[in-house]
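Structure first, then comments.
All ligand and atom numbering here is 1-based and tracks the order in the structure. Quick caveat: nothing in here was measured; it's all calculated off a predicted structure.
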Amino acid sequence: MKRLRAALAAGSLLAAGGVPATAQAGDSVPAERLAARRWFSDAKFGLFIHWGVYSQLGAGEWVMHNRKIAVSDYEWLATTFNPTKFDAVAWVALAKRAGVRYITITSRHHDGFAMFQTAQTPYNIVDGTPFRRDPLKELADACHAAGIKLFFYYSQLDWHHPDYWPRGRTAWDNGRPDHGDWSRYLAFMNAQLTELLTRYGDVGGIWFDGMWDKPDAPWQLDSTYGLIHRLQPAALVVPNHHQHPRPGEDVQTFEQDLPGANSAGFNTSYVSGDLPLETSLTMNGSWGFNITDKDFKSVRTLVGYLVRAAGNGGNLLLNIGPRPDGTISPEFTARLDSLGAWLAVYGTAIYGTRRGPVSPRGWGATTRRGDTVFVHVLDWPDPLLPLPPLGARVRTAYLLRGRAAVPVVETAAGMTLALPPAGADEPDRVIVVVTGGGAAPNRPGR
Ligand code: FHN
């Protein structure tokens with residue numbers, strides 16, 4: 001371990017595959033990445049996909065840990081994985097209908113099984129299963145053809161690799177050796193990341209997860225982030241480590257929580273003022289396919305999350321867990337289609353917006369684009385809605401759906417909107433308020 005620390009300190013480790021994983025100096029962000037961050041902030045809606053060997057057991061992606069499955073038994077399970085109904089074009093068509101602008105898919109989860117062809121281990125879907133196809137390649141091709149960006153989820157935590165040692169919080173006796181070479185593990189990870197960033201065309205970014213298993217380990221993040229940014233200068237690093245953002249990271253992501261809310265208990269309540277934000281969310285209570293979890297959120301609730309995420313200046317990354325044969329359950333497809341139908345009407349109040357001049361409230365949220373403020377009324381029973389000042393005089397206000405004028409009374413203390421009754425099929429009444437000057441965030445009343 002002493003030798004490893006010395007090597008790490010001297011920065012002498014090379015990523016396998018001959019690519020030097022050198023550190024990044026400070027956090028000077030080149031123009032390509034700044035543009036990619038802006039693109040990300042405009043995108044507002046992404047589809048998260050958790051899919052892997054675990055899907056076969058229909059009990060979520062933690063089943064190996066939860067049922068204490070031995071490595072050898074899980075390896076056998078992997079050899080039976082044969083998702084012959086997987087159709088990348090159909091998945092992307094669904095994503096397109098839903099109105100998402102990017103997909104983030106598990107290239108490998110904590111079970112360590114690679115859902116892509118990798119020369120670093122035979123424990124991958126092409127070399128280790130009867131399927132023998134690379135679904136990530138097929139998905140990347142379909143995404144590129146459809147104009148959807150593809151991000152790769154990559155688990156830093158590994159329940160299979162013998163060099164993931166010393167083990168972290170999720171340690172249990174599953175037949176792994178009680179020793180390992182951490183520097184070899186980091187080289188393995190960097191080599192797999194190199195493959196993901198050189199064989200799949202333009203990649204939106206890498207969505208890291210699992211560092212929380214060993215938060216104090218010498219992860220050499222500068223090296224890994226530097227490698228990513230060198231291989232694809234516009235690829236974003238999205239770390240789900242639940243901590244303050246670090247240099248080299250591009251997006252602050254919050255798991256099962258709106259930015260800063262931390263109702264889940266493991267997110268940080270700190271919210272970056274500079275970086276794009278994202279909320280990842282399950283549609284039921286599970287990430288990976290769970291055959292008994294029918295606790296699906298309603299379309300109204302999901303619209304509420306999308307609106308409140310945007311009102312907080314963030315994106316919604318909404319998850320599906322496809323079945324082991326490659327099909328997607330109707331509960332997911334129906335909700336995605338409904339969200340797409342909703343966005344076809346209301347998308348202008350979401351895409352390309354930033355958080356509005358009034359911070360999210362119990363009744364809803366505001367978004368803005370230039371001088372136009374979108375007031376999203378999600379839950380307000382009364383005909384009059386009082387708002388704090390928007391920071392600029394109102395020129396006109398009208399309903400987004402149907403364009404009917406909305407009467408406004410302005411005073412020094414703010415303004416009052418006279419709302420039409422909500423339709424039964426209308427989870428969000430959107431009032432378009434056109435102001436005379438810039439209604440910038442951080443105005444009085446936030
Ligand atoms: O343990 C994972 C979990 O399985 C899932 O991938 C989520 C997605 O945000 N992240 C982890 C927990 O932080």
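- With sequence neighbours left out, W287 forms a side-chain hydrogen bond (donor to acceptor under 3.5 Å, both in side chains) with no residue at all.
- You'll find the ring centres of Y200 and F152 inside the 6.0 Å limit.
- For the side-chain hydrogen bond (donor to acceptor under 3.5 Å, both in side chains) criterion with H109, the lone passing option out of Y153, W62, Y54 is Y153.
- Y123 pairs by the ring-ring contact (aromatic ring centres under 6.0 Å, His included) definition with F113, H160, not counting sequence neighbours.
- Protein residues are said to neighbour a ligand when one of their heavy atoms lies under 4.0 Å from it; for ligand 1 these are F48, H50, E61, W62, H109, H110, Y153, W207, D209, W212, N240, H242, E255, S280, W287.
- The closest side-chain donor-acceptor pair between T282 and Q256 falls under 3.5 angstrom.
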Report all side-chain donor-acceptor pairs from residues 63-72 shorter than 3.5 Å, counting only partners two or more places apart or in another chain.
none

